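Working notes for the structure below.
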Amino acid sequence: MSGRGGGGRGSGRGGGRRGRGQDHGRGQPSQSSSRGGGGRARGRGSSGSTATYNPPPPQMAPAQPPPQMAVAPPVPPSGAAFSHPSSSSGVGSLSREVSEKLTMEPVAVTTAPPLPPSLSKATRPPPRPGFGTVGTKCLVRANHFLVDVANADLYHYDADLHHYDVTIKPEVTSKKLNRAIMKQLIDVYEESHLGRRCPAYDGRKSLYTAGPLPFESKELVIKLTEEDWRERQFKVAIKLASKPDLHYLREFLSGRHFEFPQEAIQVLDVVLRAKPSQIYTEVGRSFFHTSLGPRGELGNGIEYWCGYYQCLRPTQMGLSLIIDASARSFYEPILVSEFVVKHFRLSNLSKPLSDQDRIKVKKALMGVRVRLICMNYAKTCKIIGVSRDPISQLTFTLDDKRTNVSVVKYFRDKYNVVLKYPSLPALQRGSEARPVYLPMELCSIVEGQRYTKKLNEQQVRSLLRATCQRPNIREGNITKMLPVNKFGMDVCKELAMIEARVLNPPAYHDSGRDKIVNPSCGQWNMINKKMVNGGKVDFWTCVNFSSEYWNMSEDFCAELVKMCNSKGMVFCQTPSIAMRSARADRIDQTLMDVYKESAGLKKPLQLLIIILPDQTGSYGKIKRICETELGIVSQCCKPVQAAKFSNQYFENVALKINAKVGGRNTVLNDAILRRIPLVTDVPTIIFGACVSHPPPGEDSSSSIAAVVASMDWPELTKYRGVVSAQTDRVEIIQDLYKQTKDPQKGLVEGGMVRELLVAFFKSTRQKPSRIIFYRDGVSEGQFSQVLLYEMDAIRKACSSLQEGYMPRVTFVVVQKRHHTRLFPTDRNKTDRSGNILPGTVVDTSICHPTEFDFYLNSHAGSQGTSKSTHYHVLFDENGFTADILQVLTNSLCYTYARCTKSVSIVPPAYYAHLAAFRARYYIEDEMSDGGSTGVGVRPLPSIKDNVKEVMFYV
């Protein structure tokens, strides 16, 4: 979800979906303007006073939870200030026993009072506490296909599964070539040496058979004819490695064994992927081919192919094969010279490329395989670089090692080809020491090569437009892609029919005519409604960088201010300093001028409205200057959208502005009444966290971690965000807790969790007794590592604030990058797009056999097929039941500040995404096209304190 129209540019996952470390070391946040919990908020419109919701005082007695949900025993609240432990160590308050369980290395610590149950290396995710019952029952279909291995060959007593190690000499790095070698071996030796077995090969080192081969170890020789018609000989050594036992898989599926049967799943996965791997282009767990669907241009020499994703996983109903339609970007199979014209929009190839353009061409083509079209055979080679000089100036020595000849003359004499573009650089293959030069105009890009670099906005839109499929169409396409295997496994041909429930939307409090609002089908509108706490804006101005709409600032701002006031804000109608228009090439100076002028005001500028330049590309620069250099909260508007003067647009911008100046747009009615189980009974802080990695091919060497946390218990609407840079591609958040050495102060404790806990106390005057941590972007293979490290950091951050301070923690992973899709079975029970209804939750059949997880479709679909979010509880000291956690998560999805719709992922995780993407903009200007700018983690510029106090990232 990206777009700057109506306000700052946002981005959905992925994601994603990083940056660098700001100075979080001291853990001393600035004065907080978040008044949640005890502060007052105004809600007057432009026409007079209106009803206002004032948050209740902290000592208010909690209300009883609804009777249908069981509640775990509450933790006694603690309202006293943090008292720092005497020890300077971050684990000073942990007992020796807990420290040894929780931390990865034993640390000498002082004794402490009894603590809640703690994490150890052997701790598994908690078992499912039962199934949810709240909501209206319904049936949905899932793209899970039951795999029956009970009667397959590999379950027969005389056909035990066998695993063989494979070694190919000379060594081959290409999985595609490895598969070609193994296919040739099977064709030649299946009858004579392989005992008529049909092995399944993973393309690397493992071969599996149903039953033994006639030998334990053997070396076979095969000859393979390559693309240049030359024969190459390979020696393939096959040696028995193990006999995988599927007994543990059966035990795991039945709930009698808790260790994940990785080897058994891997074997069956290889078996099911063996056939499609031979005939399709394999990308990760997906397969693509022009026969699997339409292909089309995305622009800039890139096209898309259709295919399908395939994954095998254990579920409650048994072994499940997930099949989902997929699409990816590939290089167009065109001449390299044609690609250069398309990709870089060069109109004249007769002129030499500038050094900057040449570097861009090299970056775009590095590693791409090409075929020389002037030769009699289809030999391919990989591009390793681009020459510095034009091909007309290049010479090389012939095989006789005496004759020096130009590249242009060589191709004219040998192939009777006169080069049309001698000013272009040459492609290089071979090695840097002995490069072989190839003309771009004679090299064609080999078909079927995935384009791994980041797509631009136009390409993303084209891909989504081309591959967007309504639920009924996607469901039909999925059923056509079931694989065929030779191991006798029976894969069900029908999508799984599963039980689901539709949760009711939460009611929210409103300060307008309708005091209680009940959303319908995942959305509501602002007609006759007001923000629950309208923010106050006394000091503001506007800068217009648009040349096409240079004279619309006054009219636009007048309408925007009018809308803000009508929705409950108190927005001064006159700007504090004069509005101005400026050229797009004077952004730095103009923003500095505004800052200097605002210094003469009674108070600092609260809001700067910015109409962006007509050309894209300035948003990141503006945000970096405003938020890290000047300390100005800004609201950016796209000129084309702003010029429409749409009421809907003004409403959307007003929602963002209110959140940025400390107001609240909506508050759950149950939060006001203190009847959200395990949240409103004692002070509770809700975290959202994610790590955003640089896109493939980007030179940045940093990932960006972002953590947000609620600051206004019990309302749960204001989230303070912090960001930090860390090592590239590392998923664990490294700065949740940290210690730094200061020459004057000695050991200083800090980190993201610690900073946010201190900010929560300053905002509410209470210490959190409970932590709910929504962690986005963690794959199943990283569960143990992330849980162990990050829970350890959370514990240390808490204990560094006060000896023995150990709030109970619930750690939930939020997964959007999965391939489970849910389809409606009753056309009368869908949203407008034909998708399942908002609030649909599934915790049976396709979920984990024993652990606490569920799929929640919390949003209404807009186009295509909705994707539910998967929530998996890795740690729970608060005793959440399935109903309590599912209802809480669904309710939170209706509190997203930027729109009047429920969103697809829980807002704390969503806000963490936005904060991480914002931090990425801070370093965009430093990225060059000329290769890496350095090794290590790039430091993030620090966000100004006054900016951090509000939700600047929305």
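Owing to the predicted nature of the structure, the values given are computational and were not obtained by experimental measurement.
The environment of CZ in R461 is crowded: more than 12 heavy-atom neighbours from other residues, nucleotides or ligands sit within 6.0 Å. Atom NZ of K342 sits in a crowded spot, with more than 12 heavy atoms from other residues, nucleotides or ligands closer than 6.0 Å. No more than 12 heavy atoms of other residues, nucleotides or ligands lie within 6.0 Å of CD in Q863, so this atom counts as exposed by the packing criterion. Within 6.0 Å of NZ in K901 there are 12 or fewer heavy atoms belonging to other residues, nucleotides or ligands.
Not one N or O on the side chain of D324 forms a donor-acceptor pair closer than 3.5 Å with the backbone of Y309. A donor-acceptor pair under 3.5 Å is absent between the side-chain atoms of Y896 and the main chain of Y910, judged by distance alone. Judged purely by atom type and a 3.5 angstrom limit, N143 uses its side chain to pair as donor or acceptor with the backbone of R821. Judged by distance alone, with hydrogens and angles left aside, the side-chain atoms of R474 form a donor-acceptor pair with the main-chain N or O of A325 at under 3.5 Å. T895 places no side-chain N or O within donor-acceptor distance of the main-chain N or O of T717, the cut-off being under 3.5 Å. Without hydrogens or angle criteria, E441 side chain to Y421 main chain gives a donor-acceptor distance under 3.5 Å. A donor-acceptor pair is defined here as one N or O able to donate and one able to accept, closer than 3.5 Å; such a pair exists between the side chain of Q449 and the backbone of R369. Counting only distance, with no hydrogens or angles, the side chain of T840 and the backbone of L837 share a donor-acceptor pair below 3.5 Å. D831 contributes no side-chain N or O that, together with a main-chain N or O of A860, makes up a donor-acceptor pair within less than 3.5 Å. Under the 3.5 Å distance criterion, the side-chain polar atoms of R328 are left unmatched by any main-chain donor or acceptor of G307.
Across all non-hydrogen atoms, the minimal contact from D776 to A909 is CB-CB, 4.1 Å. The two residues S858 and C893 make their nearest non-hydrogen contact at OG-SG, 3.4 Å. Residues I322 and T820 approach most closely at CD1-OG1, 4.0 Å, considering heavy atoms. Looking at every heavy atom in both residues, G299 comes nearest to Q459 through O-NE2, 3.1 Å. Here the shortest heavy-atom pairing between K660 and V954 reads CE-O, 3.0 Å. The two residues P908 and V708 have their closest heavy-atom pair at O-CG2, 3.2 Å.
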Determine, step by step, whether E627 and R918 satisfy the side chain to side chain contact (heavy atoms under 4.5 Å, CB included) criterion, reporting the C-alpha distance in whole Å, the side-chain angles of both residues, the deciding distance to 0.1 Å, and the verdict.
CA-CA 10 Å; E627 294 166 359; R918 175 61 56 80; 2.6 Å; yes
Kindly indicate, with the supporting measurements, whether the criterion side chain to side chain contact (heavy atoms under 4.5 Å, CB included) is fulfilled by K623 and C636.
CA-CA 9 Å; K623 289 297 183 181; C636 293; 3.8 Å; yes
As a quick check of understanding, evaluate side chain to side chain contact (heavy atoms under 4.5 Å, CB included) for D614 and Y549, giving each step before the final call.
CA-CA 9 Å; D614 302 309; Y549 302 96; 4.2 Å; yes
Does R775 form a side chain to side chain contact (heavy atoms under 4.5 Å, CB included) with E731? I'd like the steps, not just the answer.
CA-CA 11 Å; R775 176 64 161 92; E731 184 56 45; 3.0 Å; yes
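Between H870 and H872, the two ring planes are perpendicular [angle over 60°; tilted spans 30° to 60°]. Ring geometry for Y280 against Y308 counts as perpendicular: the plane angle is over 60°, on a 0 to 90° scale with 30° as the lower cut. Using the six-membered ring where Trp is involved, Y953 and Y911 have ring planes that are tilted, between 30° and 60° apart. The aromatic rings of F556 and F650 are tilted relative to each other, their planes meeting at an angle between 30° and 60°. Relative ring orientation between Y619 and Y921 is described as perpendicular, the plane-to-plane angle rising above 60° on a 0-90° scale split at 30° and 60°.
Between L655 and T900 the shortest side-chain heavy-atom distance falls below 4.5 Å. Contact annotation: the side chain of T889 never approaches that of V841 to less than 4.5 Å [non-hydrogen atoms, C-beta and beyond]. Put simply, the side chain of S703 does not reach to within 4.5 Å of the side chain of V730, judged on heavy atoms. Between I302 and K453 the shortest side-chain heavy-atom distance does not fall below 4.5 Å. Side-chain contact between V340 and D357 is absent, with no heavy atoms from C-beta onward closer than 4.5 Å. A heavy-atom distance below 4.5 Å is not found between the side chains of F545 and S618. Residues I836 and F823 have side chains not in contact (no heavy-atom distance under 4.5 Å, counting atoms from C-beta outward). Two residues are said to be in side-chain contact when any heavy atoms from C-beta on lie closer than 4.5 Å; P333 and E303 meet this criterion.
We find the SG-CE distance between C542 and M552 to be 8.0 Å, quoted to the nearest 0.5 Å. Put simply, OG on S553 and CD1 on I610 are 11.5 Å apart, with the number rounded to the nearest 0.5 Å. To the nearest 0.5 angstrom, K867 atom NZ is 9.5 Å from S904 atom OG. Within the model, atoms SG of C899 and CD of Q523 stand 9.5 Å from one another, a figure rounded to the nearest 0.5 Å. If you take OG1 on T666 and CE on M526, they are separated by 9.0 Å, rounding to the nearest 0.5 Å. The CE atom of M563 sits 12.5 Å away from atom OH of Y649, with the distance rounded to the nearest 0.5 Å.
Using modelled atom types, one finds no donor on one side chain facing an acceptor on the other under 3.5 Å when comparing Y304 with S462. Defined by atom type and a distance below 3.5 Å, a donor-acceptor pair is present between the side-chain atoms of N652 and Q648.
Just one residue in the list L822, L495, I846, L321 forms a side chain to side chain contact (heavy atoms under 4.5 Å, CB included) with H144, and that residue is I846.
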